[in-house]
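Whatever order the structure lists them in is the order used to number ligands and atoms, beginning at 1. The structure presented is a predicted model; accordingly, all values stated were derived computationally and were not measured.
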Amino acid sequence: MPYLQAVVKEALRLHPPGPLVIRPSVTGLCCKPVMRDPYLWEDPAEFKPERFLPASPRSGGQEDEMIKEEVLKYIPFGSGRRGCPGSNLAYLSAGIAIGVMVQCFD
Ligand code: HEM
């Protein structure tokens, strides 16, 4: 369900549960401002899951560029070698939890 996954991603962009990457870093890094930076995100304060849906089919090269760009600016799970190894499980669990709630919602 691509839209549900986009909702989960957008929620984590605006409200990362761990806003600080706790590893010591040379410059100091807090993921919340990065994920609300107006130079990186269009309408950064708006809840827009659509930003995580591909607008149109992309070529392999464009897809690679998009992934590279996202790795640098979308960091609720940190990034790089010490990034969160549980991110896929977290996306799945959050998607299932929200999906079940929405399905039961009257
Ligand atoms: C919404 C859920 C989660 C969030 C937002 C989250 C976020 C993070 C963040 C920000 C880091 C630090 C990454 C860095 O320093 O660059 C991290 C590390 C880690 N996470 Fe998660 N995490 C989540 C779920 C999980 C789950 C479900 C697991 C395991 C099943 C997990 C296992 C780990 C481990 C083992 C590390 C340490 C990795 C290392 O230091 O090499 N996390 N997580």
Using a plain distance cutoff, I'd like to know if R81 has any nitrogen or oxygen under 3.5 Å from a nitrogen or oxygen of ligand 1.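 It does not: no N or O of R81 is found under 3.5 Å from an N or O of ligand 1.
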Heavy atom of P16, distance to ligand 1 below 4.0 Å: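 Per 4.0 Å heavy-atom rule, P16 does not contact ligand 1.
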Between L12 and P17, which heavy-atom pair has the shortest distance, and what is it?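 It is CD2-CD, 3.5 Å.
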Between R51 and E42, does any NZ, NE, NH1 or NH2 come within less than 4.0 Å of an OD or OE carboxylate oxygen?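 Here E42 does not pair with R51 in a salt bridge, since their nearest N and O are not under 4.0 Å apart.
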Give the atom numbers and elements of ligand 1 that come within less than 4.0 Å of a heavy atom of S79.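 Every atom of ligand 1 under 4.0 Å from some heavy atom of S79: 16 (O).
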I want to confirm something. Looking only at heavy atoms, which of P76, S93, S87, G78 is nearest to atom 7 (C) of ligand 1?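 It is P76 that holds the nearest heavy atom.
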Out of P17, P85, G80, A11, whose heavy atom sits nearest atom 37 (C) of ligand 1?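 Heavy atom nearest to atom 37 (C) of ligand 1 belongs to P85.
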Distance (rounded to the nearest 0.5 Å) between R13 CZ and K48 NZ: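 These two atoms lie 9.5 Å from each other.
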Any chance you could measure L14, atom CG, to E46, atom CD, to the nearest 0.5 Å?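 Between L14 CG and E46 CD, I get 9.5 Å after rounding to 0.5 Å.
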Does the separation of the ring centres of Y3 and F52 fall below 6.0 angstrom?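 Not close enough - the centres of the two rings lie 6.0 Å or further apart.
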